[in-house]
Amino acid sequence: MNNPFEFGRELSATEIVDRTDEVGTVVRALHGRERLFLIGPRRFGKTSILRAAAERAEAEGTVVLRYNAEGYPSLTALAERIVADGAKRLTGPIQKAGRKVQEAFGALRPQLSYNPLTDTFSASLAAGARSPDATLIADALTGIDALAATADHPVAVVIDEFQRVVEDGGVSAEGQVRAAVQTHDHVGYVFAGSKTRMLAEMTGDESRPFYRLGARLFVGPVPREDFRPALTSGFADAGLDVSEDAVEAILDLAEDVPYNVQRLAHESWAEALATGEPVTAERVRTTLGRLASRDDPFYTQTWNGLSRTQKQALLAVAREGGTGLYSGDLLRAYDLSSPSTMQAAIVGLVKAGVAREEEYQGGVRVRLEDPFFAAWLRLFVAGS
């Protein structure tokens with residue numbers, strides 16, 4: 001039988017665990033022409049929430065244009081894709097597409113091409129219309145709003161990893177996109193991002209353009225009361241014996257991060273099916289050790305790319321749970337000279353994608369983006 005614990009791809013609405021409230025909130029935003037910011041760390045299933053919501057909204061009659069900003073080499077390429085999708089889905093008969101696109105996206109001066117063999121459009125922007133900033137995206141979204149005004153169905157745009165637009169667009173990007181989006185009456189928007197502190201500040205700081213542009217929805221871990229029965233049934237359906245302690249070990253070692261929970265459960269399920277042995281907490285820990293060893297080249301490359309102080313800070317985060325990192329005793333234990341040294345190291349780890357900062361019990365704690373990195377540290381770094 002197929003392994004029930006999927007990871008490493010977008011999951012459909014029937015595959016994700018829980019997330020009913022999150023999917024419902026996104027669907028309402030898509031249908032209702034609202035503005036919503038979906039904010040959550042990588043590996044938490046944010047993209048699967050977007051897919052499930054888009055599928056449901058499409059089934060209920062909304063045209064959803066969905067993009068991952070990190071999947072395009074430039075803002076120009078993203079803008080061209082938006083134009084092409086507008087031509088495909090919002091212009092009606094093919095014969096009218098060119099004229100409607102020129103009217104809606106006039107500021108971009110796009111050249112539209114149609115491939116009858118694949119029934120697809122492609123667009124290229126005139127050289128004079130190209131710009132390194134987010135004006136391209138603002139103009140492209142304005143064109144979609146113009147086309148949506150005459151559409152027979154609700155229209156919505158989803159941009160995942162939206163922080164890429166802001167990072168690539170420079171300091172003027174936020175203001176340009178907001179100036180456009182706030183005037184659009186015919187399109188719903190969901191802007192999603194995994195750089196949680198950046199997105200939270202962008203939308204929560206009253207001095208920033210996106211302040212109060214739309215609602216915010218933060219994606220956290222799947223509650224254990226929902227994940228436990230899903231894990232247990234996944235093993236039981238294959239006739240595998242899994243202990244309550246083993247399920248708890250999977251959640252603990254994965255730090256409740258959905259991707260890591262699914263990956264550890266996937267490997268534990270496969271090993272149990274092959275050996276016929278019960279799944280125990282000890283076997284789960286052994287399985288995690290094998291996963292960490294398997295990914296040794298990646299972890300080694302990441303470790304070797306860190307400075308000495310970043311390595312010490314990383315060890316502190318992994319061992320201490322990401323809190324109390326600035327106390328004198330902890331700094332001395334990890335041979336870090338001052339709180340500012342620790343702070344600079346943490347900033348470097350976050351920038352490198354190794355760690356993230358999250359709100360916790362009224363403060364901030366630091367977590368590893370990949371909880372399994374801690375297992376590798378225990379195996380291969382002396383004193384871990």
With sequence neighbours excluded, tell me which residues meet side chain to side chain donor-acceptor pair (under 3.5 Å) with Q312. none
For Q111 and S124, test the side chains for any donor-to-acceptor distance below 3.5 angstrom and give the result as yes or no. no
Transitive ILVMFWY side-chain link I250 to Y259, under 4.5 Å: no
Test side-chain contact (heavy atoms from CB on, under 4.5 Å) on L231 and L251 and set out the steps. CA-CA 10 Å; L231 292 171; L251 295 168; 4.0 Å; yes
Is the number of heavy atoms from other residues, nucleotides or ligands within 6.0 Å of CD (Q301) greater than 12? no
Counting the benzene-type ring for Trp, do F5 and F7 have ring centres under 6.0 Å apart? no
CD1 of I137 to CD1 of I82: how many Å apart, nearest 0.5 Å? 4.5 Å
Spatial distance of atom NZ (K100) from atom OG1 (T150) [nearest 0.5 Å]: 5.0 Å
Whether over 12 other heavy atoms sit under 6.0 Å from R99 CZ: yes
Minimum heavy-atom separation for V242 to A246, with atom names? CG2-CB, 3.9 Å
Determine whether V26 and V158 make a side-chain contact, defined as any pair of heavy atoms from C-beta on separated by less than 4.5 Å. no
Heavy-atom nearest pair, F210 first then V166, reads CE1-CG2, 4.4 Å
Which pair of heavy atoms, one from R19 and one from P258, lies closest together, and at what distance? NH2-CG, 3.8 Å
With no hydrogens and no angle check, do the side chains of H184 and T142 hold a donor and an acceptor under 3.5 Å apart? yes
N115 side chain reached by S122 side chain, heavy atoms, under 4.5 Å: no
The ring pair (Phe, Tyr, Trp, His ring centres under 6.0 Å) partners of F380 (sequence neighbours excluded) come to W376
Check against salt bridge (Lys or Arg N to Asp or Glu O under 4.0 Å), R212 and E206: CA-CA 8 Å; R212 291 189 175 177; E206 61 184 12; over 6 Å; no
Within a strict 4.5 Å, meaning less than it, do heavy atoms of the E320 and S327 side chains meet? no
Of all the heavy-atom pairs spanning A87 and V101, show the shortest one and how long it is. CB-CG2, 3.6 Å
Regarding R290 and E267, does a basic nitrogen lie under 4.0 Å from an acidic carboxylate oxygen? no
Flag the pair D85 and R89 as a salt bridge only when some basic side-chain nitrogen lies within less than 4.0 angstrom of an acidic carboxylate oxygen. no
V364 reachable from V347 in the ILVMFWY side-chain graph, under 4.5 Å edges: no
All side chain to side chain contact (heavy atoms under 4.5 Å, CB included) counterparts of H186, not counting sequence neighbours: D145, A148, A149
For T203 and I39, run side-chain contact (heavy atoms from CB on, under 4.5 Å): C-alpha distance rounded to whole Å, both residues' side-chain angles, the deciding distance at 0.1 Å, then the answer. CA-CA 10 Å; T203 56; I39 303 171; 4.1 Å; yes
Between R42 (side chain only) and E369 (backbone N and O only), is there a donor and an acceptor less than 3.5 Å apart? no
Could you please spell out the steps behind the side-chain hydrogen bond (donor to acceptor under 3.5 Å, both in side chains) verdict for E161 and S194? CA-CA 6 Å; E161 302 303 346; S194 58; 2.7 Å; yes
Cationic N near anionic O, under 4.0 Å, R178 to E174: no
Kindly compute the distance separating CG (D329) from CZ (R332), expressed to the nearest 0.5 Å. 4.5 Å
Run the side-chain contact (heavy atoms from CB on, under 4.5 Å) test on D160 and R66 for me, step by step, so that the C-alpha distance in whole Å, both residues' side-chain angles and the decisive distance to 0.1 Å come before the verdict. CA-CA 8 Å; D160 197 4; R66 186 160 70 98; 5.7 Å; no
Are the side chains of S268 and F235 in contact, using a 4.5 Å heavy-atom criterion? yes
d(K88 NZ, L65 CG) to nearest 0.5 Å is 12.5 Å
Without swapping roles, check the side chain of D139 against the backbone of L108 for a donor-acceptor pair under 3.5 Å. no
Output, in order, the C-alpha distance, side-chain angles, deciding distance and verdict of side-chain contact (heavy atoms from CB on, under 4.5 Å) for W303 and L314. CA-CA 9 Å; W303 175 257; L314 176 59; 3.8 Å; yes
pair T25-L36: side-chain heavy atoms closer than 4.5 Å: yes
Nearest heavy-atom contact between A53 and L30 is O-CD1, 4.0 Å
S207: side chain to side chain donor-acceptor pair (under 3.5 Å) partners, not counting sequence neighbours: D205
Any idea which heavy atoms bring L368 and R356 closest together, and the distance? O-NH1, 3.3 Å
Taking side chain to side chain donor-acceptor pair (under 3.5 Å) as the definition, give me every residue that meets it alongside S337, ordered by chain and number, with sequence neighbours left out. T341
N-O pairing of E255 and R365 below 4.0 Å: no
Could you tell me which residues satisfy salt bridge (charged side-chain N to carboxylate O under 4.0 Å, His left out) with K96, sequence neighbours excluded, listed by chain and number? none
Within residues 82-115 or reaching into it, pairs that qualify as ring-ring contact (aromatic ring centres under 6.0 Å, His included) - sequence neighbours excluded: Y114-F121
Roughly how far, to the nearest 0.5 Å, is the CD atom of E282 from the OG1 atom of T287? 10.0 Å
Pair listing, salt bridge (charged side-chain N to carboxylate O under 4.0 Å, His left out) test, anchored in residues 295-314, at least two apart: R263-D295, R308-D335
Taking the basic N atoms (NZ, or NE/NH1/NH2) and the acidic carboxylate oxygens, is any pair closer than 4.0 Å for E167 and R164? no
Is it true that E22 and K46 have a side-chain N and a carboxylate O under 4.0 angstrom from each other? no
Pairwise side-chain contact, I346 with V317, heavy-atom cut-off 4.5 Å (strictly under): yes
Separation between CZ of R319 and CG of L330, rounded to the nearest 0.5 Å: 10.0 Å
Group every Ile, Leu, Val, Met, Phe, Trp and Tyr by side-chain heavy-atom contacts under 4.5 Å, then state whether Y211 and V190 land in the same group. no
Identify, with sequence neighbours excluded, every residue that meets side chain to side chain contact (heavy atoms under 4.5 Å, CB included) alongside A77. Y72, P73, S74
The complete set of salt bridge (charged side-chain N to carboxylate O under 4.0 Å, His left out) pairs with one or both residues in residues 25-40, sequence neighbours excluded, reads none
Please enumerate all residues that pass side chain to side chain donor-acceptor pair (under 3.5 Å) together with T120, with sequence neighbours excluded. T118
Ring pair (Phe, Tyr, Trp, His ring centres under 6.0 Å) with F44: which residues, sequence neighbours excluded? none
Output field: ring centroids F298/F372 closer than 6.0 Å: no
